[in-house]
Amino acid sequence: MAEKKLVEAITSMSEDFAQWYTDVVKKAELIDYSNVKGCMVIKPAGYAIWENIQKRLDERFKATGVENVYMPMFIPESLLQKEKDHVEGFAPEVAWVTHGGLNPLQERMCVRPTSETLFCDFYKGDIHSYRDLPKVYNQWCSVVRWEKETRPFLRSREFLWQEGHTAHATAEEAEERTEQMLNVYADFCEEVLAIPVVKGRKTEKEKFAGAHATYSIEALMHDGKALQSGTSHNFGDGFAKAFGIQFTDKDNQLKYVHQTSWGVSTRIIGAIIMVHGDDSGLVLPPEIAPTQVMIIPIQQKKEGVLDKAYELRDKLGNFRVKVDDSDKSPGWKFSEQEMRGIPLRVEIGPKDIEAGKCVICRRDTREKIEVELSQLEKAVEEQLKKMQTEMLERAKKHLEEHTYTALNKEEFVKTFAEKSGFVKAMWCGETACEEAIKEDMAVTSRCIPFKQECLSETCVYCGKPAKKMVYWGKAY
RNA sequence: CGGCGUGUGGCUCAGCUUGGUAGAGCGCUACGUUCGGGACGUAGAGGCCGCAGGUUCGAAUCCUGUCACGCCGACCA
């Protein structure tokens with residue numbers, strides 16, 4: 001695809017990827033910076049994407065029996081401290097509320113960085129019998145983590161997400177749910193967002209504070225950096241024991257529940273931008289695009305042009321379609337549509353009307369096609385479908401082409417020095433070795449993929465006997 | 001938390017070295033001509049120069065302090 005730079009205001013990706021990202025986020029009007037450091041205003045164009053993500057994910061959740069609830073946003077300090085690893089993991093980045101109005105609180109409360117403790121506290125009182133299980137709750141909310149370095153969507157001090165929290169009678173059922181939700185995320189990413197992901201398990205070092213096991217989906221951005229795009233945790237009965245969540249089972253024995261939690265955040269919007277975007281701006285997969293088709297009238301003041309544009313809009317009622325009837329020039333509108341990543345553009349002017357045709361143009365390839373007006377609906381449907389499919393294919397190709405293998409330390413170091421992407425390599429399974437790799441190469445383990453391969457018998461870094469194949473990478 | 005950088009109309013910035021009536025481009029408003037890849041003309045509106053002290057006859061400019069934001073690291077969804 002020819003990457004002709006059409007919009008001056010957007011820095012090209014190859015020149016400065018970080019600046020490109022910021023430019024796109026701003027020019028596509030997804031967000032604005034706010035007066036609170038690290039907190040962003042999500043503007044209509046950005047929020048509409050999130051609403052679609054919510055809608056499409058929520059329907060997939062519900063299909064697996066999930067019910068939505070809402071928990072308080074404050075967590076008393078004593079509650080946060082109940083699970084040791086958990087509090088150690090989150091304490092450095094929580095925001096504290098110390099006053100109610102003018103009076104100091106008896107006990108300070110943090111603004112939830114995540115809600116495990118609240119769900120546990122609730123489940124303790126709500127679960128008594130095996131008949132009360134499983135609990136498969138989810139909430140859509142915002143959480144606060146006092147990050148030091150922030151970036152729009154990728155890392156902000158307050159962000160929107162969903163967090164599912166479940167309680168089960170058996171360890172097997174909890175494990176099943178953990179994997180089920182990871183698959184829901186992975187399928188959603190591929191089918192709706194056109195983002196291929198690597199599914200796997202996190203190492204001990206990278207797993208969630210308090211979890212027995214953490215699974216994640218890892219996506220590869222255009223610059224070769226990895227982005228953890230969704231996580232699913234199996235808590236075993238660790239939290240249950242810390243919080244005393246017990247039930248009487250069928251065999252009249254008192255048992256602890258087994259829990260899971262899983263989440264996807266607005267960070268995924270960052271993934272959409274960095275996987276699909278180009279030098280002209282955002283490129284949205286048709287499935288998730290708030291506006292799928294923008295109709296741009298040419299010479300709109302000429303009689304009949306706008307009427308025709310509105311007529312086409314009504315005819316395309318099955319799609320999310322808009323007419324840009326502002327009095328900007330057509331060229332302006334083209335650029336605007338491209339920066340915003342609207343998948344399809346329909347150009348309609350006097351010449352077209354006379355010929356009974358119009359021009360449609362795909363955002364990703366910029367391919368222009370002349371279409372008979374009578375065939376427009378069909379053509380739009382076809383092009384949107386095709387675009388969705390090809391976007392996934394392109395992203396898959398990028399992922400494959402930027403996934404390397406390394407058999408020994410020399411190759412490992414060399415690959416990361418010369419390339420950017422995932423490197424598959426064997427690992428001994430020791431945290432000390434993983435830490436040394438990070439220290440030495442600024443590379444972290446992304447996951448231990450479910451699809452294991454045996455590349456060699458020894459650890460790529462320390463040479464000890466290898467236990468697992470791991471995806472390594474530089475991460476956001 | 002360390003390193004770097006920036007605060008001047010809505011936006012991007014010039015002016016600061018060497019103190020002397022606040023500037024440009026874009027955007028905005030009105031009217032007209034335009035319209036197939038960011039059109040043009042004419043007229044207009046809009047700024048106690050981040051904040052607080054200080055030096056000076058006089059501070060956007062010099063000094064001190066402070067706040068905020070951005071980028072790069074370490075830490076994290």
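We use all heavy atoms of the structure for the numbers below, so side chains are in, but hydrogens, waters and symmetry mates are not. Order of the sequence lines sets the chain letters (A, B, ...), proteins ahead of strands, with each chain counted from 1.
- Put simply, NZ on K328(A) is 13 Å from C1' on U29(B), counting in whole angstrom units.
- For the pair D16(A) CG and C72(B) C1', the interatomic distance rounds to 11 Å; values are reported in whole Å.
- Nearest-nucleotide positions on RNA chain B for R345(A) and F153(A) put R345(A) closer to the 5' end.
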- Message: Would K308(A) and E311(A) count as a salt bridge (Lys or Arg N to Asp or Glu O under 4.0 Å) here? Give the steps.
- Response: CA-CA 5 Å; K308(A) 195 56 158 186; E311(A) 189 190 312; 3.4 Å; yes

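- Nucleic acid contact for R157(A): none, since no nucleic acid atom lies under 4.0 Å from a heavy atom of the residue.
- Here S265(A) lies in heavy-atom contact (under 4.0 Å) with a base.
- Checking A77(B), C71(B), C75(B) against the side-chain heavy atoms of K438(A) singles out C75(B) as nearest.
- Remark: R345(A) qualifies as a cation-pi partner of F334(A) under the 6.0 Å distance and 45° angle criteria applied to the six-membered ring.
- Distance noted for atom C1' between U12(B) and G7(B): 13 Å (whole Å).
- The distance between the ring centers of F208(A) and F90(A) falls below 6.0 angstrom.
- Distance noted for atom P between C63(B) and U6(B): 15 Å (whole Å).
- The nucleotide whose nearest atom lies closest to any side-chain atom of A18(A) is, among C76(B), C35(B), C72(B), C72(B).
- Residue S156(A) is in base contact, counting any heavy-atom pair closer than 4.0 Å across all strands shown.
- Contacts of K333(A) with the nucleic acid, taken as non-hydrogen atoms under 4.0 Å apart, are absent.
- Here, G47(B) and U8(B) have their P atoms 15 Å apart, quoted to the whole Å.
- Not less than 6.0 angstrom separates the ring centroid of F153(A) from the ring centroid of F159(A).
- Using a 4.0 Å heavy-atom cutoff across all strands shown, F208(A) reaches no nucleic acid atom at all.
- Within the shown strands, C1(B) is the pairing partner of G73(B) under the Watson-Crick or G-U definition, both distances less than 3.5 Å.
- Between K205(A) and C75(B) there is no side-chain N or O to OP1 or OP2 distance below 4.0 Å.
- Pairing partner, G19(B): none, since no Watson-Crick or wobble contact has both distances short of 3.5 Å.
- Checked against a 6.0 Å centroid threshold, the rings of F412(A) and F416(A) count as neighbours.
- For the P atoms, the distance linking G2(B) with G58(B) amounts to 39 Å, nearest Å.
- Q228(A) comes within 4.0 angstrom of the backbone, heavy atoms only, and of no base.
- Using a 4.0 Å heavy-atom cutoff across all strands shown, L227(A) reaches no nucleic acid atom at all.
- G65(B) and G20(B) have their P atoms separated by 25 Å, given to the nearest Å.
- Of the candidates G36(B), C76(B), G37(B), G36(B) carries the atom nearest the I298(A) side chain, counting heavy atoms from C-beta on.
- Looking at heavy-atom distances under 4.0 Å, D327(A) makes no contact with the nucleic acid at all.
- Atom CE of M40(A) is separated from atom C1' of G70(B) by 16 Å (rounded to the nearest Å).
- Atom CD of E29(A) and atom C1' of G10(B) are 13 Å apart (whole Å).
- Rounded to a whole Å, the CG atom of D352(A) is 12 Å from the P atom of G36(B).
- Considering L118(A), V111(A), T114(A) as possible partners of I75(A), the one that fulfils the side-chain contact (heavy atoms from CB on, under 4.5 Å) test is L118(A).
- Here the nucleotide nearest the side chain of T150(A), chosen from A77(B), C1(B), G70(B), is G70(B).
- Spacing between C51(B) and C69(B) at atom C1', rounded to whole Å, works out to 14 Å.
- Salt bridge absent: E347(A) and K333(A) never bring a charged side-chain N and a carboxylate O closer than 4.0 Å.
- Rounded to an integer number of Å, the gap from K26(A) NZ to C69(B) P is 14 Å.
- Residues K202(A) and Q228(A) bring a donor and an acceptor atom of their side chains to less than 3.5 Å of each other.
- Put simply, S329(A) has no side-chain N or O that comes within less than 4.0 Å of OP1 or OP2 on C35(B).
- E336(A) comes within contact range of at least one nucleobase, with a heavy-atom separation under 4.0 Å.
- The NZ atom of K474(A) sits 10 Å away from the P atom of A74(B) (whole-angstrom rounding).
- Pairing partner, U33(B): A39(B), with both Watson-Crick or wobble hydrogen-bond distances short of 3.5 Å.
- Of the candidate nucleotides U34(B), C75(B), G70(B), U34(B) has the atom nearest to the side chain of K301(A).
- Taking the side chain of P330(A) as heavy atoms from C-beta on, and the options G37(B), C35(B), C71(B), the nearest nucleotide is C35(B).
- Rounded to whole Å, the separation between the P atoms of A45(B) and A24(B) comes to 13 Å.
- Judged by Watson-Crick or G-U wobble contacts below 3.5 Å, the nucleotide A45(B) has no partner.
- V359(A) comes within 4.0 angstrom of a base, heavy atoms only.
- A donor-acceptor contact under 3.5 Å is not formed by the side chain of R151(A) with the base of G70(B).
- Summary of the strand contacts: P350(A) and F159(A) both lie near RNA chain B, and taking for each the nucleotide with the nearest heavy atom, the more 5' one is attributed to P350(A).
- Base pairing annotation: A52(B) forms a Watson-Crick or G-U wobble pair with U64(B), both donor-acceptor distances under 3.5 Å.
- G349(A) comes within 4.0 angstrom of a nucleotide base, judged by non-hydrogen atoms across all strands.
- With Y461(A) as the aromatic partner, K409(A) meets the cation-pi criteria of under 6.0 angstrom to the ring centre and within 45 degrees of the ring axis.
- Among the atoms of the strands shown, base atoms are found under 4.0 Å from some heavy atom of E347(A).
- When the nucleotides G37(B), C76(B), C1(B) are ranked by their closest atom to the side chain of E338(A), G37(B) comes out on top.
- Remark: the Q299(A) side chain and the G36(B) base include no donor-acceptor N/O pair separated by less than 3.5 Å.
- Rounded to whole Å, the distance from NZ on K302(A) to C1' on G36(B) is 12 Å.
- Straight-line distance between the P atoms of U34(B) and G41(B): roughly 15 Å, to the nearest whole Å.
- Using Watson-Crick or G-U wobble geometry with both donor-acceptor distances under 3.5 Å, A14(B) finds no partner in any strand shown.
- Residue side chain K368(A) reaches the base of G37(B) through a donor-acceptor N/O pair under 3.5 Å, judged by distance alone.
- In this structure, H165(A) has its ring center at least 6.0 angstrom away from the ring center of Y123(A).
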